[in-house]
Amino acid sequence: MKKGGGLDDKLEYYAKDTTDIDRKNGIMQLYGSARVIYDEFELDAEYIRFDSRNNTIFARGIKNDKGKYTGRPIFKMGQEGTSLADSINYNTKLGKGIVYGVSTEQEGGFFSGGIAKIQPDEEVHSLGQTFSTCNLAEPHFGIHFTKAIITKNQIITGPVYMEFERIPMPLGLPFAFFPKPNKKSSGFILPTPQEDATKGFGLLNGGYYVALNDYWDAKITGNIFTNGSYDLNLATNYMKRYKHNGNFNLAYSSTRNGLEGTPEYTPQKNFNIAWTHSQNPLARPGSTFSASVNAGTASYFRVTGANATNDFDQIARNTLSSSIAYGKTFGDGLFNLTSALTHSQETSAKTITLTLPSVSLNMSTINPFDPKDRVGTQKFYQKLTVGYNLEAKNTVSDQESLVFAKGGLSRFQNGFQHNIPISLPFNVLQFLNFNTSANYTERWYFQTIEKRYIRLATSDSVKIDTVSGFKRAGEYNLNLGMSTKLYGKREFKKPIGNIAAIRHVITPNIGFSYRPDFSSNNYNYYRDQVYYTNDIRPGKSVPIANDGSQIVRGANGQPLRYSIFEQGIFGGPSAGKYAGLNFSVDNNVELKVLSSKDTTGTGERKIPIIQGLTFSSAYNFVAPSKKLAPINFSGRSQFTDKLGFNFGGVLSPYAVDFVQTTTGSGASQFTSSSFQEVDRYVWQDGKLPRLVSLNFSTDFSFNPDALKSRNKNMDAVKNANDVNNNGNRTQEQIEQLASISRDPNAFVDFNIPWNIALSYSFNYSNPLGQRSTRTISNSLNFNGDFNLTPKWKIQFTSGYDLVRSEISPTSFSIYRDLHCWDLSASWVPFGQYQSYSIDIKVKASILQDLKLSKRKGFYTRY
């Protein structure tokens with residue numbers, strides 16, 4: 001490294017082969033991997049000539065023995081990126097120069113070819129250059145500027161036209177203006193043409209983007225169709241670094257079907273609101289605020305075809321839900337307060353549930369008898385823990401039309417619930433783990449109910465009156481539980497095949513619970529069901545008698561009772577005394593096998609055969625009948641990385657007989673016969689417990705690499721969908737991530753040459769063991785993909801309902817990697833939402849509007 005003198009700034013230069021200095025003329029020539037650094041100008045080339053008198057630097061490459069031009073100049077000016085050229089002539093004093101055959105990257109795009117003249121005012125005058133997002137030396141496509149002036153914020157050109165494979169297209173523009181802002185800017189969004197079988201020709205997603213400021217933007221887009229249908233969408237994103245971020249989306253649609261003049265042609269008005277918000281944890285330590293809102297009319301996604309995307313999961317979704325939540329921790333972390341406004345909708349039934357608000361105050365469990373300055377181990381009484389929880393709700397659940405009608409606010413129900421758990425764990429004989437606990441719950445309501453039973457000729461009618469006024473209801477229960485673990489292991493001196501050992505772990509649990517009968521008259525929580533006179537005049541409906549005949553009785557002749565709190569949002573105290581045992585046993589079985597991958601012959605690995613095989617039930621000693629509860633079982637197994645399954649079900653210990661039942665009395669007496677469970681154990685008849693329900697599911701991937709890739713994709717989407725990140729994304733990106741999270745196989749991974757995955761689900765239910773009460777669902781789903789070539793991939797998804805003998809929604813997709821372009825096509829061949837779409841677009845987001853699309857949808861029917 002040498003330093004020159006006599007210059008305004010320090011000159012550093014280097015040459016691998018030869019340095020030739022002509023001091024008389026002030027010319028220095030560098031040969032072989034030459035390098036010059038002058039002020040903020042850096043230059044590398046095979047040949048560099050520096051003229052100190054004229055303050056000029058010239059650089060070029062050379063032709064090697066094979067005639068290939070190598071050692072092209074690579075230069076950098078200030079904070080700009082690195083550029084490559086055929087040759088460069090630059091005046092260091094004036095800050096201007098001429099560059100031939102330049103190739104440079106700027107903000108995701110590449111300028112190449114032609115001549116560029118660098119001006120002192122940072123302008124660049126260009127002649128015959130091409131702009132492209134393709135990073136090849138010979139780009140697949142580009143926008144060719146015959147003449148252009150490039151400034152810091154804009155590009156002004158003369159005639160401009162597109163080139164594909166260096167072939168100019170016949171259409172162009174006589175001049176053009178391209179903004180090159182260093183901040184967000186507003187602008188129009190070009191629509192995409194589409195043809196729809198019922199809506200006609202349409203233009204999709206056209207509109208205007210508004211850059212409000214550095215923290216907030218908005219986009220207004222719409223769809224319009226020739227049959228009169230249209231959609232409007234407002235999407236906005238906001239972000240304040242280290243404070244909060246989020247996005248808001250409001251969509252409205254007016255959809256017409258059928259022919260003009262028919263009832264179906266009447267516009268169907270629908271809307272949808274989506275809002276997400278996240279507060280940075282560092283903004284307000286100890287408090288949180290978040291929002292996740294998805295609400296609107298029940299038929300929005302179905303009628304609009306998920307805003308013309310034909311997304312099956314969106315179209316078929318049956319629920320919408322929202323939550324706006326605030327949380328606060330105080331008292332040195334002892335107390336945690338959370339509050340939320342929530343909403344949920346059943347779109348098919350058009351029901352809605354609103355909770356405005358729900359509040360929860362939780363106190364962490366404390367050890368009141370354990371001093372903070374304790375030394376040594378805890379005494380048994382110091383392990384006693386006490387907690388506290390408060391819940392408050394104001395909620396309504398009803399049909400949409402009723403909730404939003406006049407007087408809908410009167411349908412809200414509210415109440416408070418306090419819960420105090422007390423627990424004391426201890427060990428006996430070191431291996432037996434005991435836990436004693438007591439739980440007290442108290443509920444406060446401002447409304448209760450009163451029932452009036454009206455005896456009619458055919459069947460009884462029930463009238464429910466709401467009674468205003470404060471009422472409290474308290475209940476408690478006592479529990480004692482014990483658990484331990486039993487281990488069994490068998491090692492084989494000589495392995496059976498590859499099996500070296502088998503291990504079985506049994507975890508039994510047994511507990512005793514006691515709860516008094518809170519339906520007794522002592523508590524005044526329950527009342528007798530009483531027949532009233534059938535008189536609709538206020539105050540005129542009274543009990544029909546006072547001699548006991550007014551009391552409603554069951555089949556066994558016992559009076560029937562109801563809880564005045566049964567419509568409360570937290571329910572009421574339980575009826576019936578309980579004193580019983582609850583028991584369960586959990587099983588885990590695994591094999592230890594010799595590993596075939598271990599060349600030493602001593603390697604082993606474990607294979608879980610049965611995981612979590614659990615049987616559970618309970619026995620109530622004071623129940624008048626059916627003391628033994630149904631037997632529940634569940635389990636899972638994962639034999640290999642490619643195959644696993646889950647199962648579960650219910651067994652009934654009671655027999656089924658044909659029983660006659662008589663209801664009512666006198667003229668209204670009615671006798672019916674049906675199969676019913678009776679209070680007789682099946683083993684008394686020499687039978688095993690009866691299978692009431694069974695569910696089984698499994699999935700299998702023929703390619704383990706694809707399964708691993710899918711799991712990685714799911715993890716990546718989970719992290720990408722983190723609400724803390726959504727504020728940095730546009731609404732389209734958020735929707736795309738959500739779509740991928742619903743279908744992780746939507747990732748196109750060209751590194752996986754093929755994959756076929758199957759999933760199977762079976763559900764059986766037969767509560768009475770009769771053919772008439774039996775229901776079965778049985779379905780097989782499959783999806784997969786394969787590479788026709790390293791650049792072509794085909795994906796498919798489908799399934800078959802084995803009970804209905806119907807094919808599930810089926811779709812095919814084709815992807816083609818075109819280096820700097822993408823080609824994708826999707827096809828739904830049959831069904832209600834049959835459609836197809838073809839898109840070819842530039843990969844780079846800077847030219848996201850440079851695309852061709854062909855779509856045709858059939859999702860609407862009239």
Would you say the side-chain atoms of [X] pair up with the backbone N or O of [Y], donor to acceptor, closer than 3.5 Å?
X    : Y    : value
T533 : V542 : yes
S321 : S344 : no
Y526 : A575 : yes
N237 : N247 : no
Q279 : Y326 : no
S322 : N294 : yes
T395 : L354 : yes
Q345 : G296 : yes
N695 : G648 : yes
N534 : L456 : no

Is there a side-chain contact between [X] and [Y] (heavy atoms, below 4.5 Å)?
X    : Y    : result
N205 : N223 : yes
L320 : H343 : yes
F301 : N272 : yes
P516 : K577 : no
K269 : Y252 : yes
I273 : F248 : yes
Q676 : V656 : no
D231 : F225 : yes

So how far is it from [X] [atom1] to [Y] [atom2], rounded to the nearest 0.5 Å?
X    : Y    : atom1 : atom2 : value
L361 : F416 : CG    : CZ    : 12.0 Å
F271 : S253 : CZ    : OG    : 10.5 Å
S339 : I324 : OG    : CD1   : 10.5 Å
S779 : N781 : OG    : CG    : 5.0 Å
H244 : F289 : NE2   : CZ    : 10.0 Å
Q413 : S397 : CD    : OG    : 9.0 Å

For residues [X] and [Y], report the shortest heavy-atom separation together with the two atoms involved.
X    : Y    : result
V650 : N632 : CG2-OD1, 3.3 Å
R774 : N766 : CB-ND2, 3.5 Å
P573 : Y525 : CG-CD1, 3.4 Å
D517 : G576 : OD1-N, 2.8 Å
F518 : G474 : CE2-O, 3.7 Å
I564 : N524 : CD1-O, 4.1 Å

Ring-plane angle category for H277 and W275, please: parallel below 30°, perpendicular beyond 60°, tilted otherwise. tilted

According to the interplanar angle, ranging from 0 to 90°, do the rings of Y453 and Y562 count as parallel (below 30°), tilted (30 to 60°) or perpendicular (above 60°)? tilted

Y445: partners by ring-ring contact (aromatic ring centres under 6.0 Å, His included), with sequence neighbours left out: F565

F696 meets the ring-ring contact (aromatic ring centres under 6.0 Å, His included) criterion, sequence neighbours left out, with F645

Over 12 non-hydrogen atoms of neighbours within 6.0 angstrom of [atom1] in [X]:
X    : atom1 : value
N546 : CG    : no
K463 : NZ    : no
F412 : CZ    : yes
L768 : CG    : yes
K451 : NZ    : yes

Could you walk me through whether S761 and N763 satisfy the side-chain contact (heavy atoms from CB on, under 4.5 Å) test, starting with their C-alpha distance in whole Å, then the side-chain angles of each, then the deciding distance to 0.1 Å, before giving a yes or no? CA-CA 7 Å; S761 176; N763 289 276; 3.5 Å; yes

[X] side chain to [Y] side chain, donor-acceptor N/O pair below 3.5 angstrom:
X    : Y    : result
N439 : S437 : no
N419 : N389 : no
S541 : D535 : no
N362 : S360 : yes
N479 : N477 : yes
E677 : S652 : yes
Y388 : H418 : yes

Looking at Q567, R452, E450, which hits side chain to side chain contact (heavy atoms under 4.5 Å, CB included) with I464? Q567

Stacked cation flag R443 on F570, 6.0 angstrom / 45 deg: no

For Q447 and N414: C-alpha separation, side-chain torsions, deciding distance, then whether side-chain contact (heavy atoms from CB on, under 4.5 Å) applies. CA-CA 8 Å; Q447 291 178 333; N414 42 61; 5.6 Å; no

Could you please spell out the steps behind the side-chain contact (heavy atoms from CB on, under 4.5 Å) verdict for Y532 and Q550? CA-CA 7 Å; Y532 281 70; Q550 78 279 11; over 6 Å; no

For the pair R561 and D528, find out whether any cationic side-chain nitrogen is under 4.0 Å from an anionic carboxylate oxygen. yes

If you measure from the Lys or Arg side-chain nitrogens to the Asp or Glu carboxylate oxygens, is any gap between E475 and R515 under 4.0 Å? no

